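Remarks on the structure that follows.
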Amino acid sequence: MMNHHLLLIIHLMSATFWVGGHLILVASYLPRAIKEKNQNYILNYEKKFEPIGMLSLILLVLSGILMAYKYGVTIEHWFEFATPIEKIVSTKLLLLFATLLFALSAQFKVLPKLNNNIKYLPEMTLHILCVTIIGITMLILGSFVRFGGY
Ligand code: HEM
């Protein structure tokens with residue numbers, strides 16, 4: 001079984017890429033796209049970030065679940081909201097599910113329309129902001145584990 005510290009490093013590196021990648025989008029490309037009314041800033045960045053983003057999200061889930069198992073939070077205890085660390089893991093799994101819904105909606109509903117119509121930029125902006133805020137929330141939730149959970 002993989003060492004907990006190694007899993008944590010993989011988890012933190014992936015969190016850096018996932019949250020950092022979205023912050024670059026929010027702080028840099030999104031404002032530029034809005035200002036210049038040109039969605040290509042977002043579309044081009046999205047295309048480049050996608051492989052890194054997907055890999056980091058997959059690694060976050062795998063390393064997160066393996067670490068949860070090392071804390072005794074196995075699948076039969078998920079969503080019980082009974083013990084401090086299990087509460088964190090269960091909340092993170094719910095937020096992960098929300099992230100997947102936003103990602104699917106962006107990929108199949110919003111992005112194809114945004115491709116040739118700037119009027120979908122506000123809808124895309126909402127998706128980007130939600131995924132970014134959820135990512136930051138998951139990062140903050142994770143930091144509670146070392147204090148024994150909540
Ligand atoms: C966007 C997704 C995620 C982000 C940004 C994220 C971020 C973080 C961060 C920053 C920590 C803090 C580690 C520390 O305090 O040293 C952490 C810890 C942790 N995360 Fe995540 N995480 C994500 C997803 C998940 C998922 C899906 C799970 C499992 C269901 C999970 C389970 C854990 C566990 C168990 C810890 C505690 C590790 C420890 O301190 O031993 N995380 N996470």
Side-chain angles (χ1 to χ4, degrees), residues 1-34 39 41-114 120-150:
M1 196 60 157
M2 214 191 285
N3 175 290
H4 193 109
H5 192 186
L6 182 57
L7 288 172
L8 182 56
I9 291 169
I10 293 170
H11 200 73
L12 290 174
M13 276 301 293
S14 308
T16 306
F17 274 103
W18 178 257
V19 178
H22 282 93
L23 285 177
I24 290 172
L25 186 53
V26 168
S28 169
Y29 294 104
L30 182 59
R32 210 173 299 170
I34 292 171
Q39 66 272 57
Y41 289 111
I42 296 174
L43 297 174
N44 290 338
Y45 179 73
E46 203 86 51
K47 239 177 269 152
K48 273 184 284 178
F49 178 67
E50 200 175 65
I52 301 169
M54 283 322 299
L55 179 65
S56 56
L57 189 59
I58 290 167
L59 288 176
L60 273 169
V61 178
L62 292 178
S63 57
I65 289 176
L66 285 172
M67 289 190 297
Y69 265 71
K70 286 176 182 286
Y71 284 109
V73 182
T74 49
I75 192 164
E76 61 269 24
H77 293 294
W78 292 357
F79 309 120
E80 283 175 353
F81 293 93
T83 57
I85 292 180
E86 177 264 319
K87 275 188 207 164
I88 294 182
V89 171
S90 299
T91 311
K92 281 187 132 182
L93 286 167
L94 289 178
L95 291 176
L96 171 71
F97 186 64
T99 301
L100 293 179
L101 291 184
F102 275 114
L104 287 175
S105 168
Q107 206 61 44
F108 296 108
K109 222 183 109 231
V110 190
L111 280 171
K113 291 189 292 187
L114 183 65
Y120 293 99
L121 191 54
E123 204 174 329
M124 192 60 210
T125 302
L126 184 70
H127 280 68
I128 293 168
L129 288 179
C130 286
V131 171
T132 307
I133 291 166
I134 292 174
I136 293 169
T137 307
M138 285 171 94
L139 176 152
I140 294 170
L141 279 173
S143 74
F144 275 93
V145 172
R146 69 171 71 202
F147 301 107
Y150 58 82

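All heavy atoms count here, side chains included; hydrogens, waters and symmetry mates do not. The residues of the chain are indexed from 1 along the displayed sequence. Counting starts at 1 for both ligands and their atoms, in listed order. Values in this document were obtained by computation on a predicted structure and should not be read as measured data.
Within 6.0 Å of atom CZ in Phe81, more than 12 heavy atoms from other residues, nucleotides or ligands are found, so the atom counts as buried in its surroundings.
At a heavy-atom cutoff of 4.0 Å, ligand 1 is contacted by the side chain of Leu93 but not by its backbone. When non-hydrogen atoms are compared, ligand 1 lies under 4.0 Å from the side chain of Leu8 (C-beta onward) but not from its backbone. Contacts with ligand 1 closer than 4.0 Å are made by side-chain heavy atoms of Leu12 only, the backbone lying farther away.
Remark: the backbone N or O of Val73 is paired with a side-chain donor or acceptor of Trp78 at under 3.5 angstrom. Formation of a donor-acceptor pair under 3.5 Å by the Tyr41 side chain with backbone atoms of Leu25 is not found in this model.
With ligand atoms numbered from 1 in the order given, ligand 1 contributes 39 (C), 41 (O) to contacts under 4.0 Å with heavy atoms of His4. For ligand 1, the atoms lying closer than 4.0 Å to a non-hydrogen atom of Trp18 are 1 (C).
Between Lys109 and Glu123 there is a salt bridge, with a side-chain nitrogen of the basic residue lying less than 4.0 Å from a carboxylate oxygen of the acidic one.
For His11, the N, O or S atom closest to atom 21 (Fe) of ligand 1 goes by the atom name NE2.
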- Query: Do Thr125 and Tyr120 pass the side chain to side chain donor-acceptor pair (under 3.5 Å) test, and can you show the C-alpha distance, the side-chain angles, and the key distance before you say yes or no?
  - Reply: CA-CA 9 Å; Thr125 302; Tyr120 293 99; over 6 Å; no

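Phe147 and Phe144 have perpendicular rings, their planes meeting at more than 60° on a 0 to 90° scale where under 30° would count as parallel. Between Trp18 and Phe49, the ring planes are tilted. Angles from 30° to 60° get that label.
The option from Ser14, Gly64, Ala15, Gly149 that lies nearest to atom 5 (C) of ligand 1, judged by heavy atoms, is Ala15. Comparing heavy-atom distances from atom 38 (C) of ligand 1 across His22, Arg146, Met67 singles out Met67 as nearest.
Note that CG of Leu93 is 9.0 Å distant from CG of Leu95, once rounded to the nearest 0.5 Å.
For the pair Tyr71 and ligand 1, the shortest N or O to N or O distance falls below 3.5 Å.
With hydrogens left out, the protein atom closest to atom 24 (C) of ligand 1 is Met138 CE, 3.6 Å, a heavy atom. Nearest to atom 43 (N) of ligand 1 among the protein's heavy atoms is Lys92 NZ, 2.5 Å.
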